[in-house]
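Below is one structure, written out as structure tokens, with a few remarks after it.
Ligands are counted one by one from 1 in listed order, and the atoms in each one are counted from 1 as well.
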Amino acid sequence: MEKKGAIGVFDSGFGGLTILKAIVEELPEYDYLYLGDNARAPYGNRSYETVYQYTLQAVNWFFEQGCSLVILACNTASAKALRSIQQEHLPSNQNKRVLGVIRPTAEIVGKFSKSGNIGVLGTVGTINSDSYKIEINKFFPETTVYQQACPMLVPIVENGETETAGADFFVKEYIQQLMAQSAAIDTVLLGCTHYPLLANKIKAALPDNVTVVDQGKIVAASLKDYLNRHIEIEAKCSKNASRVFYTTDNTETFNQLGKRFYGEQINASKAVL
Ligand code: DGL
């Protein structure tokens, strides 16, 4: 019988910890192996080729650790690398699955909007890929999607500057640019793993009638549903409620900053990809 393995959760750095947190709340019984590629983060401004190569290396690392299921808990990696990995890499590896965060979010987000006008905030890479626009329109063809890249928000969060005047300035600026595209926007999706840490400021900068959607819970519910529907993959996921963390960069920094994203103490080990 094939050995069972942890569910792999990947991000360019810390951000995926916000997704892992929601997944662990929804599905606490499984083992989770988290990898943050902090040494090469952020991915947000990098080319397709680079994000693809980095993400593929990470996915192979998870497979070597015995994972059968890997979640790309990073919008940029999901936008730029997931499809190529699924099409070019997995067909020869039938027992392995790699899932992203964009499709499950796109499947649901239209339900929050009454006006059919949705704003998406994300990294330059995610926004320029048009992935959210394309995916949301597949599930909600009547919906109009407005997008806004927010390049300064990841560095603000990573540097612990979420409560500063600088954070206020950039959040207001990006929200103004988004809402200038259409006053009918009534739903704003946080399409980047870091933005939940700025959710209060984003809500405050938006008109009261706008709903802010955080993808953590959506991705967690979708994973639960996936495991129920794919019992052959579920059977390969071990269940000892363990959480193991790896980073490609300094472990002490990861432990210190990671706590902000995960909400609990982390003891990471170093991974070499
Ligand atoms: N995790 C990335 C995302 O969700 C943000 C950080 C990065 O740019 O690498 O898009």
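Taking the ring centre of Y262 as origin, the terminal cationic atom of K21 falls outside the region bounded by 6.0 Å and 45° from the ring axis.
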Give me the pairs of N or O atoms, one from ligand 1 and one from the protein, that sit under 3.5 Å apart.
| from | atom 1 | to | atom 2 | distance (Å) |
| --- | --- | --- | --- | --- |
| ligand 1 | 1 (N) | D11 | OD1 | 2.8 |
| ligand 1 | 1 (N) | T193 | OG1 | 2.8 |
| ligand 1 | 4 (O) | N75 | N | 3.0 |
| ligand 1 | 4 (O) | N75 | ND2 | 3.3 |
| ligand 1 | 4 (O) | T193 | N | 3.1 |
| ligand 1 | 4 (O) | T193 | OG1 | 3.2 |
| ligand 1 | 8 (O) | Y43 | N | 3.4 |
| ligand 1 | 8 (O) | G44 | N | 2.8 |
| ligand 1 | 9 (O) | S12 | OG | 2.6 |
| ligand 1 | 9 (O) | Y43 | N | 2.7 |
| ligand 1 | 10 (O) | T76 | N | 3.2 |
| ligand 1 | 10 (O) | T76 | OG1 | 2.7 |

Donor-acceptor pairs are to be reported for all side-chain atoms of residues 199-211 against protein atoms at under 3.5 Å, with residues two or more places apart or in another chain.
| from | atom 1 | to | atom 2 | distance (Å) |
| --- | --- | --- | --- | --- |
| K201 | NZ | D168 | OD1 | 3.3 |

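A salt bridge does not link E29 with K239: every distance from a Lys NZ or Arg NE/NH1/NH2 to an Asp or Glu carboxylate oxygen is 4.0 Å or more.
In this structure, I23 CD1 and R243 CZ are separated by 11.0 Å, a value rounded to the nearest 0.5 Å.
In this structure, I71 is a member of the same hydrophobic cluster as L20, with clusters built from ILVMFWY side-chain heavy atoms closer than 4.5 Å.
No side-chain donor from either of T126 and S129 sits under 3.5 Å from a side-chain acceptor of the other.
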